[in-house]
Structure formats: C-alpha cells, structure tokens
**Student:** 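I am attaching a structure below and will ask some questions about it afterwards.
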Amino acid sequence: MAAKLDNIFNNISKNNIFQDRFVLQTNHKPGSIPHRDKEIEQIASIMAPCLRGERISNLFVYGQTGTGKTLSVDYVKNELLHRNNEGTLALKIEYLNCKLRKVSDTEYRILAELIKKLGGSVPATGLPTDQVYNKFIELIEKEKQLIVLILDEIDQAVKKISDNFLYNLTRLNSELSQSQISIVGISNDLKFLDMLDPRVRSSLGEEEIVFSPYNALQLQDILKNRAEKAFKAGVLEDGVIAKCAAYAAREHGDARRALDLLRVAGELAERGGCLKVGLKHVDLANEKIDKDKIIEVVENAPKQQQLVLLAAAKLNDAKNEDRVFTGDVYNVYQELCNKSKTEILTQRRVGDLIGELDMLGILNAPVVSNGRYGRTREIKISIPEKIYGRVKEILLDVLEN
DNA sequence: GTCAATTCACATGAAAGAGACCACGGTCTAGTG
DNA sequence: CTAGACCGTGGTCTCTTTCATGTGAATTGACGA
C-alpha cells in the first residue's frame, strides 16, 4: 500500500505533463478569444453608447453552449469598464448567470442576487416579491446611473419562471426617473425568442447576435492556444489536439467540451504515469467525461427519482417483454417503495420524474402511441454498459437505507 | 375494402396544498441604573 | 428602562397531489362496391 501511495505522490510531485492546468479549466478566462472578432466588434458597437452615458439597446445573444458567448460579452464588459475607470460615468455592468443553483428558478432570487450585486442586501426568502422589486428600484434610483444587466442562460430562468419576469424588467425603465437599465440576454436556445410574449420579444430583442458553432479547425486553433500554456513543451503527441477538436466538433462545436477533453486526457496520462498524452488518452477522456456525468447525476438525484430509475433498470434486466412502459415502471416502483418504506408518489408525478430522467439522458423515454392500447412512454435505459453495474450498485444502496 | 368513430393508457396542464424556511413587528423577560 | 428572547403572521420555495383536458393510432363497426 505504502509503495502504491509513494507511486501516486511521486507522480504528482513530478508533474511531468502540466505546466499550468488552470488554463484548461472552464472558468479560466483567456486573454484573447480567437475566431470571435466579428461578434465582439458587434457587441462592442452596440454597447459603446454607454460610454457616452446613453442607454444602450437591449441585446440578445444566441448560440450553442461553448461557443464563446459568455466569454465575449464578458470581454466587452471589462473593456468598457476599463475605459470608464476614471469613473466619470456612473456606469454599472452586472453579470448574472441565471442557472446557478443559488439563483435558479425564481424571480425572487434573481432579483435578490441582482440587488446583492448592486450593493444592497436582501434576505434569502420571506419578503413579498413586489417589495423586493421596490427595493431594487430604490437601489437603482439612489443615484443617477446607467445599468446594464447581463443575464446569462436566460432561457433557463424563463423556462422555470414565466416570461413576465422579463416583461417587468424591460418595463422597469418607465418607472425610473433618472437611472436607466439595459438588458443583455444570453441564451443557448435558438428558439427561445419565439417562446416569449411578443411584447417582451420586441423590447428585449432590439439587437440580436448569433454565435455560430466553432468548426473543427477553429477548435484546433483554440486548443493550440491554450495547450501551449497548459502543457509542458512536447508532451502532446501528434493528433491529440485534432482529435479533441474532432470529438467536440461532433457535439455542435462546443469549445468547453474540447477543453475538458484535453484536460482530462492530460490528467489521465499523468495519473497513468505516462510522459506523453496520446490519442488513447483522448478516447479514455471522452468516455470518462460521459461516465462521470452520469454517475454524478445518479448519485445526487433525489431518492424518489433514484427509485424510479431502479424500477426501470429492473424491468430492463428482466426483459421478458422487450418493451417497457410507464405503467410497468410504476408498478415496480411501488414495490420498491414498499420495500424501502418510502412514500409512494402518484403516477402523475412519476411520469414527470421519468421525463426528467429522459432529459438528463439517463433514460430514453419517447412518447409512443400503441393505438388502441393507449399512449405512453416507451422506456429504455441509456447508460453505457461499462458503468451500468456501478449505477445499479448506487441505486441498490439507496434501497437499503 | 374504406372511412369515421371509438377507445385506451397514459401525457400534459393548471391549480392548489403541505411543510420547510425566513423576515418582520410586537410582546415578554431579565438585567441594568 | 432597554436589549435580547420569543412568538405569531405572512410571505416564498419545493415537491407533490388533485382535477381536467389532450392525444395518436389500432380497433371497431357501419357502409358501399
């Protein structure tokens, strides 16, 4: 055992692969953003008037995940603030990611978070929402200022709440006498604007910018840039970067994914005590990322959801009938609840849980119509063979206690 | 054989309840002068 | 007399239930060739 540990620690302390691992982490902000010059220029020209103290048009930025939206907007934001560093203008640009756990899901919390960012404070709960609005307005009106709110992953927020939250925000200007607000929305969902109320759409989408996905070559470029700083010279074998880029390009050109791949590949190589990062590490990394995601989700899922998944897994194993439907799962689920002395949820709710598992990609549960025999979901497990065992262990563990 | 009506087994929506959490303001209690 | 403990009220949040409505195609049955 001691020898093994020695081995591990030595490998780490030698650290023969990475130079600066942080560069590959997702929260790292690179100094330059390749292949996004045009978009950055657009954003800058739209936001520039705020340097003259004028209200800027509301802006809407679309694009798939990992296409550099957040990064670009953030970059422009910093440039603007930098140019205004003498503080001649009362200009505030606040960034808020609507998807963060603490923020998520409710109008109240988003407002609370905004207030906090603007220097006020608001209790986590317990206040009527309109009072929070008042506080928000009061805070803004305290002095004459220009405020730009950058709302990242705004689609997530609107999906959970309704869009009249956005309506309220856009309308806020009419209630303000001296200050002014602009909104920059960032969304992954291209169809997002269509879902909105027309009134909101017209006022929010005064300007729109679309970020197209990176292609494989651009991804390679980005990776090369970062890899130079992240890895020691010469540890990357030929084709590693190209392969990472290719994998990521397959997934709608997600740069984040590409960087994750590269980082995990590096870590795997390091852990394996290799001196170089090879193609096989990339393959392993690709697998590992998916696996880890699934296992993490399964582990952290609420108990009821785990039981539903276990029920589905049991039916999947039994396989005397090749098609598994919601009703079947519900029956098995009930048995499991009895066994583990858990409260039994209604079928309505279980249906939703199955839907959530489907969204997470753990189940594949499309709605099918069997004509006379009703309409239901046909449920299949979509967990890779290799970790299916692990997942079931986790689930059976849940059943025990 | 053709076509519309029927029917199944849920999906999907909307509304509302339970229980946890929290802020606020009023009241009570103990300590202080 | 005052600061802090305590309590009731009213608000939010999350998860869930209840009630209501929707749905796609296999099946059925009437109809005509």
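Letters A, B, ... mirror the listed sequences (proteins, then strands); counts begin at 1. Just so it is clear, the structure is predicted and the values come from calculations on it, not from any experiment.
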**Student:** Round to a whole Å and report the spacing from CD of E378(A) to P of dC10(B).
**Tutor:**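 Value for this atom pair: 13 Å.
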
**Student:** Do the side chains of E335(A) and K339(A) get close enough for a salt bridge, i.e. N-O under 4.0 angstrom?
**Tutor:**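 No salt bridge links E335(A) with K339(A).
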
**Student:** Any salt bridge linking D352(A) with R348(A)? Criterion: basic side-chain nitrogen under 4.0 Å from a carboxylate oxygen.
**Tutor:**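 Counted as a salt bridge, because a side-chain N and a carboxylate O are separated by less than 4.0 Å.
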
**Student:** Do NZ/NE/NH1/NH2 and the carboxylate oxygens of R323(A) and D328(A) come within less than 4.0 Å?
**Tutor:**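 The answer is no: the pair does not qualify as a salt bridge.
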
**Student:** Is E237(A) salt-bridged to K276(A), cutoff N-O under 4.0 Å?
**Tutor:**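 Looking at K276(A) together with E237(A), the answer is no, because their closest N to O distance does not fall below 4.0 Å.
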
**Student:** Check the phosphate of dG24(C) against R377(A), side-chain N and O only, distance under 4.0 Å to OP1 or OP2. Yes or no?
**Tutor:**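 Checking dG24(C) against R377(A), no side-chain N or O comes under 4.0 Å of OP1 or OP2.
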
**Student:** If I take atom CD in residue Q305(A) and atom C1' in nucleotide dT14(C), what distance separates them, rounded to the nearest angstrom?
**Tutor:**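 So the two atoms are 14 Å apart, to the nearest Å.
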
**Student:** If you compare every side-chain N and O of S369(A) against the phosphate oxygens of dT23(C) (OP1, OP2), does one of them come in below 4.0 Å?
**Tutor:**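 Result: no.
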
**Student:** Is there a side-chain contact between L262(A) and F231(A), using heavy atoms and a 4.5 Å cut-off?
**Tutor:**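 The answer is yes; the side chains approach within 4.5 Å.
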
**Student:** Output a table of nitrogen or oxygen pairs between the protein and nucleotides 6-9 of chain B separated by less than 3.5 Å.
**Tutor:**
unit_1, atom_1, unit_2, atom_2, d
dT7(B), O3', R372(A), NH2, 3.2
dC8(B), O4', R372(A), O, 2.9
dC8(B), O2, G371(A), O, 3.1
dC8(B), O2, G374(A), N, 3.0
dA9(B), N3, R375(A), N, 3.1

**Student:** Given R55(A) and E206(A), is the salt bridge (charged side-chain N to carboxylate O under 4.0 Å, His left out) satisfied, shown in steps?
**Tutor:** CA-CA 12 Å; R55(A) 193 190 91 92; E206(A) 286 172 342; 3.4 Å; yes

**Student:** In whole angstroms, how far is the P atom of dT12(B) from the CZ atom of R348(A)?
**Tutor:**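 Answer to the nearest Å: 9 Å.
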
**Student:** Charged N to carboxylate O below 4.0 Å: is that the case for E79(A) and R83(A)?
**Tutor:**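 Between R83(A) and E79(A) there is a salt bridge, with a charged N closer than 4.0 Å to a carboxylate O.
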
**Student:** Do the numbers put R36(A) on top of the ring of Y75(A), so that NZ or CZ is under 6.0 Å from the six-membered ring centre and no more than 45° off the axis?
**Tutor:**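 Geometry flag: not set, cation outside 6.0 Å or 45°.
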
**Student:** If you take any heavy atom closer than 4.0 Å to DNA chain C, which residues from residues 350-366 of chain A end up in contact?
**Tutor:**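 By residue number: none to list.
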
